[in-house]
**Student:** 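Can you read through this structure? Questions will come right after.
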Number of protein chains: 2
Amino acid sequence: MKQQDVFKAMADPTRRAILKRLQGGALTAGEIGAAFEITGASLSHHFAVLKRADLVRTERRGQYIVYSLNSTVVEDLARVLFDLFPNRGGRAGDKS
Amino acid sequence: MKQQDVFKAMADPTRRAILKRLQGGALTAGEIGAAFEITGASLSHHFAVLKRADLVRTERRGQYIVYSLNSTVVEDLARVLFDLFPNRGGRAGDKS
DNA sequence: GCAATTATTAGATAATTGTCTAATTATCTA
DNA sequence: TAGATAATTAGACAATTATCTAATAATTGC
């Protein structure tokens, strides 16, 4: 997990919205884009960032490209956050 | 919690390092700065971002200003992340 | 093969951001 | 009150980034 890439990816509201949309299951780039006002090119840029952070996985299916969540990476991120703050009952990722 | 401010704040490695340093307890601006190569002015900028995100609290003590973590906000953030990803055993912030 | 569809890549531009130096504010102490 | 110390604010600048239009790539179906 490239921490910096993940944090950077999560810092943009559009990308968080994309992740949110993928909660319900895998979607094609077009299906995701339908919910946003920005161009497909901009969307592609965001997809690239999310992929670089390993937050989503892609699979080509015919002319479509299907995106799906990679939950584990964001779980890792959540663990990092918990670790940043001690004295809270030692849950996920308890290193001490 | 202003989600966007928090995510933006966490996106910078210097700011994450500052939070990390504060794990051991409250520190003055100068004590924190001693660990970084950047100028005090740049540090101040980062402090401002962290404060806007409500990730740190400040208290003036004489000529010093003391910074401390505000754990709850980052815990909230971690919860948001967990919520982004369903089907993982429903822990913190379980909304469903 | 060719047109249509889906998506990405290339290149340009405006906005944001991290950094710096210089100036300012707040506090302490002699 | 004056000087020293701690920290922030102001203003400038370079790097990054989100967005766009136009061009390119991959696939399907005629």
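Since the structure is predicted, the reported quantities are computational estimates derived from the model, not experimental observations. Here is how names work: the chains are called A, B, and so on, in the same order as the sequence lines, proteins then strands, and each is numbered from 1.
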**Student:** Decide whether A:F47 and A:Y64 are clustered together by the hydrophobic rule: side chain heavy atoms of Ile, Leu, Val, Met, Phe, Trp, Tyr closer than 4.5 Å, transitively.
**Tutor:** no
**Student:** Looking only at non-hydrogen atoms, find the nearest pair between B:V73 and B:D54 and report the distance.
**Tutor:** CG2-O, 3.3 Å
**Student:** Between A:T39 and B:G30, which residue's closest nucleotide on DNA chain D lies nearer the 5′ terminus?
**Tutor:**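 That would be B:G30.
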**Student:** Would a single hydrophobic cluster contain both A:V49 and A:L55, if residues Ile, Leu, Val, Met, Phe, Trp and Tyr are joined by side-chain heavy-atom contacts under 4.5 Å?
**Tutor:**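 Per the 4.5 Å side-chain linkage, A:L55 and A:V49 are not co-clustered.
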**Student:** Between D:dA7 atom P and B:L50 atom CG, what is the distance in whole Å?
**Tutor:**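 Taking CG of B:L50 and P of D:dA7, I get 16 Å after rounding.
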**Student:** Do B:D76 and B:R79 come close enough that some side-chain heavy atom pair is under 4.5 Å?
**Tutor:**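 Yes. Closest side-chain heavy atoms under 4.5 Å.
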**Student:** Counting any heavy atom closer than 4.0 Å, what does B:K51 reach on the DNA or RNA strands: base, sugar-phosphate only, or nothing?
**Tutor:** nothing
**Student:** Mark yes when over 12 heavy atoms from residues, nucleotides or ligands other than A:E59 sit less than 6.0 Å from its CD; otherwise mark no.
**Tutor:** yes
**Student:** Specify the closest pair of heavy atoms between B:A9 and B:L50, including all atoms of both residues, with the distance to one decimal.
**Tutor:** CB-CD2, 4.3 Å
**Student:** Is A:F36 touching bases, backbone alone, or none of the nucleic acid, heavy atoms closer than 4.0 Å?
**Tutor:** nothing
**Student:** Just by modelled atom types, is the A:D12 backbone N or O under 3.5 Å from a matching donor or acceptor in the B:Q4 side chain?
**Tutor:**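 A pair under 3.5 Å: no.
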**Student:** Just the endpoints, please: which first and last nucleotides of DNA chain C, 5' to 3', lie under 4.0 Å from a heavy atom of chain B?
**Tutor:** C:dT17 to C:dC28
**Student:** Mind running a 4.0 Å heavy-atom check of residues 40-47 of chain B against DNA chain D and sending the residues that fall below it, in number order?
**Tutor:** B:G40, B:A41, B:S44, B:F47
**Student:** List DNA chain C stems (3 or more consecutive Watson-Crick/G-U pairs, under 3.5 Å)?
**Tutor:**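 Stem list for DNA chain C: C:1-30 with D:1-30.
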**Student:** I need the CD1-P distance between A:I65 and D:dA25, as an integer number of Å.
**Tutor:** 15 Å
**Student:** How close do A:V66 and A:A26 get, counting heavy atoms only, and between which atoms?
**Tutor:**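 Looking at all heavy atoms of both residues, the closest pair is CG1-CB, 3.5 Å.
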**Student:** Assign A:R61 to base, sugar-phosphate, or nothing according to its heavy-atom contacts below 4.0 angstrom with the strands shown.
**Tutor:** nothing
**Student:** Determine the minimum heavy-atom distance between A:M10 and A:R16, stating which atoms define it.
**Tutor:** O-NH1, 2.8 Å
**Student:** On DNA chain D, check which nucleotide each of A:R60 and A:T14 is closest to and give me the residue with the more 5' one.
**Tutor:** A:T14
**Student:** To check you understand the geometry: which heavy-atom pair defines the closest contact between A:A53 and A:V6, and what is its length?
**Tutor:** O-CG2, 3.7 Å
**Student:** Using atom CD of A:E37 as one end and atom C1' of D:dC20 as the other, report the distance to the nearest whole Å.
**Tutor:**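 Checked: the CD to C1' distance equals 15 Å.
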**Student:** Compare every heavy atom of A:K51 with every heavy atom of A:Y67, then report the nearest pair and how far apart it is.
**Tutor:**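 Shortest heavy-atom contact: CE2-CD, 4.1 Å.
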